[in-house]
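Written below as structure tokens is the structure these notes are about.
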There are 2 protein chains.
Amino acid sequence: MANLSATEISWYYNRLNKCCCRLTKPRRAILDILDDTRKHLSAEQIYKETLKISSNAGLSTIYRNLELLVRIGLTWEFDAGDNKARYEIAKRPGESHHHHLICKKCNSIIDYSASVDNEKDFIKKREKNLSNKYNFKIENHSIDFFGLCYKCSKNK
Amino acid sequence: MANLSATEISWYYNRLNKCCCRLTKPRRAILDILDDTRKHLSAEQIYKETLKISSNAGLSTIYRNLELLVRIGLTWEFDAGDNKARYEIAKRPGESHHHHLICKKCNSIIDYSASVDNEKDFIKKREKNLSNKYNFKIENHSIDFFGLCYKCSKNK
DNA sequence: ATTAAAATGAGAATAATTCTCATTAACAAA
DNA sequence: TTTGTTAATGAGAATTATTCTCATTTTAAT
């Protein structure tokens, strides 16, 4: 707990400030938690984590803030196929964007870096081409591969 | 209504049969509806469509069957970011797999064919490489680009 | 036609998310 | 540092999407 450095905190402060939003205690707690984990937590799970830390944020506050953080691009939301939103921090310093391998059976998620095999270049080119063709302003993307993880493909 | 040809019906019949499942009236209705539209319908919307056709399937039956059809690969499910599942027919004869451009503001969805710009080749290679690296049996994938459609980017 | 298994419909139950509103905290400016 | 304005919070009620239950009905192989 209290993982965020002073630098990170002021960075988040400024990002929020730009939108007339404040870096409140619950927001700091959420960012703290997401920054600290490699997991893809649901709102409920994040809520439980905040209870462990001192910060007692209400569940509705968690939801409200996740929505905000996603909207301004500080966190990233996706659905691993079980009808509940998962959240992860948008970018870590020095770490490149990643995509997912999602197990249909146990819902486990593997992150893989998007920087290998020219994937980044490919996507960039694709985005440009699609933007032009469809007059669509692309802001971000998600690439998910679904299937069976090693464990689940072994167990029948 | 009654869009499915005799050939298509027997194709679906066989696919279901392989899993000891029957081609019932509600199932035929769902496939009929999904086959007929370019839209990405929610369960509720599909339910309403079945009411328009003679077929009066219950909502729970719709959900049950969508789950089945997704599981055996006849339809495809995804989330356009509004926390409700959308469904589309998995493959149309002679049409290649497609991906999505999703507007964050109005939730509209544009399909684009995955067959241009070597996208298909790229994905295939990527799948092979990821399968090996992570010991993960990939069955399918989704690629979604999020942003603003033309209309929404114009309206501020 | 008969029959066993699979599927259905209606609605209750659950789970995830959003809303309401009175109270509190953040922070810019004095 | 105190203050005033405005944003944000917490608690729980309300809503929405989805799943479950179970008695009844269909399906399709025999």
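Residue numbering restarts at 1 for every chain, and letters A, B, ... go by the order of the sequence lines. Predicted, not measured: the structure shown is a model, and the values here were computed from it.
- With hydrogens and angles left out, the side-chain atoms of E88(A) and H100(A) include a donor and acceptor closer than 3.5 Å.
- Atom CD1 in I9(A) sits about 15 Å away from atom C1' in dA26(C), given to the nearest Å.
- Here N65(B) reaches the OP1 or OP2 of dT8(C): one of its side-chain N or O atoms lies under 4.0 Å away.
- At a cut-off of 3.5 angstrom, counting only N and O atoms as typed in the model, there is no donor on one side facing an acceptor on the other between the side-chain of T24(B) and the base of dA6(C).
- Distance R86(B) CZ to dT16(D) P: 16 Å, rounded to the nearest Å.
- For the OP1/OP2 pair of dA28(D) and a distance below 4.0 Å, the side-chain nitrogens and oxygens of N17(B) include no atom meeting the criterion.
- Counting non-hydrogen atoms under 4.0 angstrom, Y13(A) reaches the backbone sugars and phosphates but no base.
- Taking the nucleotide of DNA chain D with the nearest heavy atom to each of T61(A) and K84(B), the more 5' of the two is matched to T61(A).
- In the model, Y112(A) has a side-chain atom that pairs as donor or acceptor with a side-chain atom of E119(A) under 3.5 Å.
- With hydrogens and angles left out, the side-chain atoms of N140(A) and H97(A) include no donor and acceptor closer than 3.5 Å.
- Atom CG of L59(A) is separated from atom C1' of dA8(D) by 16 Å (rounded to the nearest Å).
- Distances shorter than 4.0 Å separate none of the side-chain N or O atoms of Y63(A) from OP1 or OP2 on dT18(C).
- Regarding L66(A), its CG atom lies at a distance of 11 Å from the P atom of dT9(D), rounded to whole Å.
- A side-chain donor from one of D32(B) and N3(B) sits under 3.5 Å from a side-chain acceptor of the other.
- Toward the 5' end of DNA chain D, the nearer of the two residues C21(B) and A85(B), judged by each one's closest nucleotide, is A85(B).
- In this entry the distance linking NZ of K25(A) with P of dC27(C) reads 13 Å, nearest Å.
- The base of dT19(D) is not paired with the side chain of R64(B) by any donor and acceptor separated by under 3.5 Å.
- The shortest distance between the side-chain N/O atoms of R22(A) and the OP1/OP2 oxygens of dT6(D) is not below 4.0 Å.
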